[in-house]
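Reviewing the structure listed below.
Residues take their numbers from the sequence shown, with the count starting at 1. Treat the numbers as computed from the prediction; the structure is a model and nothing was measured. Atoms within each ligand, like the ligands themselves, are counted from 1 in listed order.
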Amino acid sequence: MAETLTGKVQVFDSEEELAVSLAKYTADLSEKFCKERDAFTVVVSGGSLIKSLRKLVEPPYIDSIDWSKWHVFWVDERVVPKDHPDSNYLLAYDAFLSKIPIPAGHVYAINDALSAEGAADDYETCLKHLVKSNVVDISKESGFPRFDVMLLGMGPDGHVASLFPGHPLVHEKEKWVTFIKDSPKPPLDRITFTFPVINSSANIALVVAGAGKADVVHQSLGDSKSSDLLPVQMVSPEGELVWFLDKAAASKL
Ligand SMILES: O=C(O)[C@H](O)[C@@H](O)[C@H](O)[C@H](O)COP(=O)(O)O
């Protein structure tokens with residue numbers, strides 16, 4: 001494992017091996033935080049990340065993890081009904097949440113009856129309640145919520161969450177959750193955590209697989225540094241950052 005300024009970088013021979021390691025990483029953190037805080041706050045993205053979590057819902061982890069202590073959040077969500085094929089909730093429900101004994105009240109989907117702006121405000125209010133009740137930790141350094149782990153994918157343009165290159169939202173400094181109505185990746189309307197929240201995390205895994213991401217992985221981690229930072233290069237948590245790459249995504253490093 002290489003350790004750089006941009007975190008630990010792990011490269012796996014295949015996406016299958018990446019998925020095995022990602023399951024162990026998540027299960028180990030679950031054990032640690034359940035012991036320390038009696039809760040484990042997990043933030044997921046949409047996209048291919050969800051498929052890469054498949055080993056968590058297989059033995060041994062399906063039986064060994066204390067799912068009753070899990071609290072699941074979305075780093076970004078498309079503003080569509082929860083049963084719409086574009087919904088990140090539906091993606092995670094079908095592949096993951098429907099297979100684990102997590103209390104329904106610990107799954108924090110957006111309110112899909114609201115506009116993008118309303119849904120972002122509503123999600124932020126929900127997070128504020130959870131901070132008050134100590135389910136979600138708060139960062140003493142930043143004053144923003146500090147999630148135990150964020151499991152994030154990255155787009156081929158270097159976006160993370162719904163924070164896209166060149167979009168003003170990447171510079172949001174006050175809000176916890178905000179909205180976008182002109183997302184370059186469809187659908188247009190989304191809500192997203194902001195960088196202050198992302199970067200207050202105790203742990204972040206950036207999970208990137210496939211040759212289609214090799215150029216942007218090279219741009220993010222390789223020697224060539226352009227002056228305009230990609231959103232993925234702005235991921236810099238208070239805690240630990242670990243990259244999970246397969247060989248194809250790392251092929252240009
Ligand atoms: O709702 C979304 O679109 C996602 O949360 C988004 O941030 C995703 O993680 C990246 O676009 C990577 O997606 P892929 O892994 O499918 O390329």
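- Ring-centre distance between Phe193 and Phe73: not below the 6.0 Å cut-off.
- Between Phe164 and His159, the two ring planes are tilted [angle within 30° to 60°].
- Lys55 meets the side chain to side chain donor-acceptor pair (under 3.5 Å) test with Glu16; sequence neighbours excluded.
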Listing, residues 203-213 side-chain donor-acceptor contacts under 3.5 Å, not counting sequence neighbours, or none:
residue	atom	partner	partner atom	Å
Asn203	ND2	Asp148	O	3.1
Lys213	NZ	Met154	O	2.9

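- No continuous path of ILVMFWY side-chain contacts below 4.5 Å connects Val80 to Leu188, so the two sit in separate hydrophobic clusters.
- Using a 4.0 Å heavy-atom criterion, the residues that approach ligand 1 are Ser45, Gly46, Gly47, Ser48, Asp76, Arg78, Asn88, Gly153, Met154, Gly155, His159, Ala161, Lys185, Arg190, Lys213.
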Throw together a table of side-chain donor-acceptor distances under 3.5 angstrom for residues 88-96, partners on residues two or more places apart or in other chains.
residue	atom	partner	partner atom	Å
Asn88	OD1	Arg78	NE	3.2
Asn88	ND2	Asp76	O	3.1

